[in-house]
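These notes concern the structure reproduced below.
Chain letters run A, B, ... following the sequence lines, proteins first, then strands; residues in each count from 1. Small disclaimer: the values here were computed from a predicted structure and weren't measured. Scope of the values below: all heavy atoms of this structure, side chains included, with no hydrogens, waters or symmetry mates.
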Number of protein chains: 2
Amino acid sequence: MANEVKVLGAWPSPFVMRPRIALNLKSVEYDFIEETMNPKSELLLKSNPVHKKIPVLLHNDKPVCESNVIVQYIDEAFSSGSSILPSDPYDRAIHRFWAAYVDDKWFPNMMAASRAETPEAKAAAADQLKEGLLLLEEAFVKLSNGKPFFGGDNIGLLDIALGSYLGWVRVSEKMNNAKLIDESTTPSLVAWADKFCAHEAVKGVMPETDKLAEFAKVMMAKRQAAAAST
Amino acid sequence: MANEVKVLGAWPSPFVMRPRIALNLKSVEYDFIEETMNPKSELLLKSNPVHKKIPVLLHNDKPVCESNVIVQYIDEAFSSGSSILPSDPYDRAIHRFWAAYVDDKWFPNMMAASRAETPEAKAAAADQLKEGLLLLEEAFVKLSNGKPFFGGDNIGLLDIALGSYLGWVRVSEKMNNAKLIDESTTPSLVAWADKFCAHEAVKGVMPETDKLAEFAKVMMAKRQAAAAST
């Protein structure tokens with residue numbers, strides 16, 4: 001059977017980057033279908049009727065939803081390229097644990113920091129974010145074992161989970177004129193982020209910071225206009 | 001190497017039931033260590049320094065945290081018993097998708113329904129909960145393919161994810177004197193719930209409804225006392 005692979009998504013979404021990076025790691029060709037979201041396409045509504053969210057992977061027209069579920073599916077369905085999850089069950093569990101941490105704790109803290117309205121709330125959210133980065137720095141040192149990625153020599157599940165947020169990290173750094181991932185407290189993560197963004201599987205799908213910052217400004221203006229009209 | 005397996009947890013927690021059911025399915029003997037939580041034990045703080053939460057699985061003293069991560073670890077680390085995840089990558093993805101839905105959407109709706117303070121908020125949360133159960137009924141019919149469990153002939157990841165909440169579903173039904181999972185709208189889930197609770201791997205760890213309801217009353221009284229004193 002031919003492998004017809006499509007990713008339904010939008011370029012600024014970190015979650016949409018995940019299946020794209022995973023497919024690139026596996027050297028699987030795919031069509032990228034840009035979802036305009038307003039209104040949501042028939043294809044999206046039909047493929048992800050529960051959440052109606054991107055990304056959706058369509059593998060021979062069969063949909064898979066939820067970015068981390070898709071990445072694991074890609075790892076299991078395509079044997080080409082390097083493995084995205086480690087082979088040892090304990091190592092797999094540790095990578096899954098940290099990938100969940102990034103989505104369930106770290107990213108919500110980043111959103112809270114960007115949306116905080118008072119200087120005190122902003123500072124509190126920034127502290128939590130920094131604390132999370134220190135934990136991830138420590139995890140990196142343990143898991144990478146002197147190699148360039150969380151996954152060792154190759155980009156793995158946790159690299160993809162955290163790395164997909166780097167575009168937005170850089171936008172936040174640019175807007176606030178302050179480093180989030182900085183050399184003095186998290187030197188390993190600084191080196192990791194550079195290597196991740198320069199990787200062949202990543203560089204074509206990681207949005208340019210300036211373009212993403214423009215998109216962010218438009219989004220923020222829309223949110224403020226909506227808030228002012230209610 | 002000997003397999004020394006411990007689960008650090010507390011009997012009323014649905015999340016703690018998950019590794020216990022998984023270990024029972026694999027016929028792996030384990031010690032259950034009751035965590036009193038107040039104060040948190042040294043063992044918990046050392047084993048799960050990031051979240052400081054139960055359950056923790058200790059396999060030859062190596063900790064694994066986060067209930068769904070632990071269940072997948074158990075499936076991969078112990079080849080005895082039936083498989084908890086399906087063998088086909090697409091089926092695995094579908095089971096992971098629904099297990100995430102249960103934790104990320106359905107259970108938060110159940111919590112919202114139990115905590116809603118006005119009749120309107122309660123009704124809105126109950127509607128969302130019912131809608132979720134209809135989706136799960138539909139998923140059950142597709143996935144079980146006429147067999148007793150989401151996992152087919154055997155209890156699988158999604159059975160464990162949803163089934164672990166059944167104790168609390170029954171407490172909620174008892175307290176509100178109304179069926180949440182009812183025969184008229186979700187007949188397959190009613191039959192599934194009965195079979196799940198009666199399964200050899202489950203019945204010893206599923207809390208009795210009366211005992212759990214007593215625990216819930218104590219917790220609610222504590223919460224109300226805390227709210228009144230602030």
Side-chain angles (χ1 to χ4, degrees), chain A residues 1 19 22 26 47-53 55-79 84-106 108 131-132 134-136 138-139 142 157-158, chain B residues 1 19 22 26 47-53 55-79 84-106 108 131-132 134-136 138-139 142 157-158:
Chain A
M1 186 166 63
K26 296 285 183 179
S47 308
N48 189 359
V50 174
H51 299 297
K52 305 174 183 67
K53 283 185 178 168
V56 176
L57 178 86
L58 292 151
H59 186 191
N60 296 326
D61 294 328
K62 286 164 78 180
V64 185
C65 307
E66 297 283 89
S67 64
N68 283 334
V69 173
I70 300 174
V71 169
Q72 292 188 72
Y73 172 75
I74 291 168
D75 196 30
E76 294 173 0
F78 300 98
S79 55
I84 294 172
L85 270 102
S87 57
D88 177 74
Y90 190 76
D91 294 340
R92 293 162 77 87
I94 299 301
H95 281 248
R96 286 187 179 125
F97 170 85
W98 283 109
Y101 171 81
V102 164
D103 279 0
D104 298 345
K105 295 283 170 189
W106 187 80
E131 204 178 296
L134 291 176
L135 287 174
L136 288 162
E138 202 181 316
K142 273 191 204 160
L157 179 75
L158 177 53
Chain B
M1 184 165 65
K26 296 284 183 178
S47 309
N48 189 0
V50 174
H51 300 297
K52 305 174 183 68
K53 283 185 177 168
V56 176
L57 178 85
L58 293 152
H59 186 192
N60 297 326
D61 294 328
K62 285 163 79 180
V64 185
C65 307
E66 298 282 270
S67 63
N68 283 333
V69 173
I70 300 173
V71 169
Q72 292 189 71
Y73 172 75
I74 290 168
D75 196 30
E76 294 172 0
F78 299 98
S79 55
I84 294 171
L85 270 103
S87 57
D88 176 74
Y90 190 76
D91 294 340
R92 294 162 77 87
I94 299 302
H95 281 248
R96 285 188 179 125
F97 170 86
W98 283 109
Y101 171 81
V102 164
D103 279 0
D104 298 344
K105 295 283 171 193
W106 187 79
E131 204 177 297
L134 291 176
L135 287 174
L136 288 163
E138 203 181 315
K142 273 190 203 160
L157 179 74
L158 177 52

Nearest heavy-atom neighbours spanning B/V64 and A/A93: CG1-CB, 3.8 Å
Most chain B-contacting option - heavy-atom pairs closer than 4.5 Å, from A/N68, A/L135, A/V69, A/D104: A/V69
Residue part contacting chain B, namely of A/P49, when any heavy atom lies under 4.5 Å: neither
Selection from B/Y90, B/Y73, B/Y101 maximising heavy-atom pairs under 4.5 Å formed with chain A: B/Y90
Contacting region of A/N48 [heavy-atom separation from chain B under 4.5 Å]: side chain
Heavy-atom proximity to chain B below 4.5 Å, by part of A/R96: both
Interface residue of largest heavy-atom contact number with chain A, from B/E76, B/Q72, B/E66, under 4.5 Å: B/E76
